[in-house]
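Let me begin by presenting the structure, written as structure tokens, before commenting on it.
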Amino acid sequence: MTNLTNLSVEQLKRAVAVREQIAELEQELGAILGESYSGTRGVSGNGHRGRRKMSAAARAKIAAAQRARWARQKKAHGGAAAPAKGRRKMSAAARAKIAAAARARWAKAKAANRNSLAA
């Protein structure tokens, strides 16, 4: 597309005249074709397509199909969905054992003059 700042005054006047002719012709075509005509681009006057409408029956069919899918999935997994499991808790004795083992590993690594546990 041409930059409008590079056009001469005569070219701009001609472009405006052509645009006006197009608008007049579109208006005339709209009068001939009636309300269903919305211009050469197939969109409304503001340039945006309208949102597609769905009938209540179609929405009900989609909802029923979705419920059927959920029912099949629930049935395949043995009835109701399993409740979410909580975090498992570790006893204080188990934590103490793990901590002691970690201290022992680090003591062994430090004795070998290493800064990491990787051998």
> Among R14, R19, E20, whose side-chain contact (heavy atoms from CB on, under 4.5 Å) with V16 holds?
Replying inline: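 With V16 as partner, side-chain contact (heavy atoms from CB on, under 4.5 Å) holds for just one option, E20.
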> How far does CZ of R103 sit from CZ of R105, to the nearest 0.5 angstrom?
Replying inline: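 Going from CZ on R103 over to CZ on R105, the span is 11.0 Å.
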> Rounded to the nearest 0.5 Å, how far does CG of L117 lie from NZ of K110?
Replying inline: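 Reported to 0.5 Å precision, the distance equals 9.0 Å.
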>> I need the minimum non-hydrogen distance between A109 and S116, along with the two atoms involved.
In response: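 Of all heavy-atom pairs spanning A109 and S116, the closest is CB-O, 3.9 Å.
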> Hey, is the main chain of M90 close enough, under 3.5 Å, to the side chain of R95 for a donor-acceptor pair?
Replying inline: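 No; zero donor-acceptor contacts below 3.5 Å.
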In a table with atom names and distances, give each donor-acceptor pair under 3.5 Å that connects a side chain of residues 64-72 to protein atoms at least two apart or in another chain.
{"unit_1": "Q66", "atom_1": "OE1", "unit_2": "R69", "atom_2": "NH2", "d": "2.8"}

> Above 12 or not: heavy atoms from other molecules or residues under 6.0 Å from CD of Q21?
Replying inline: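 Correct, the count exceeds 12.
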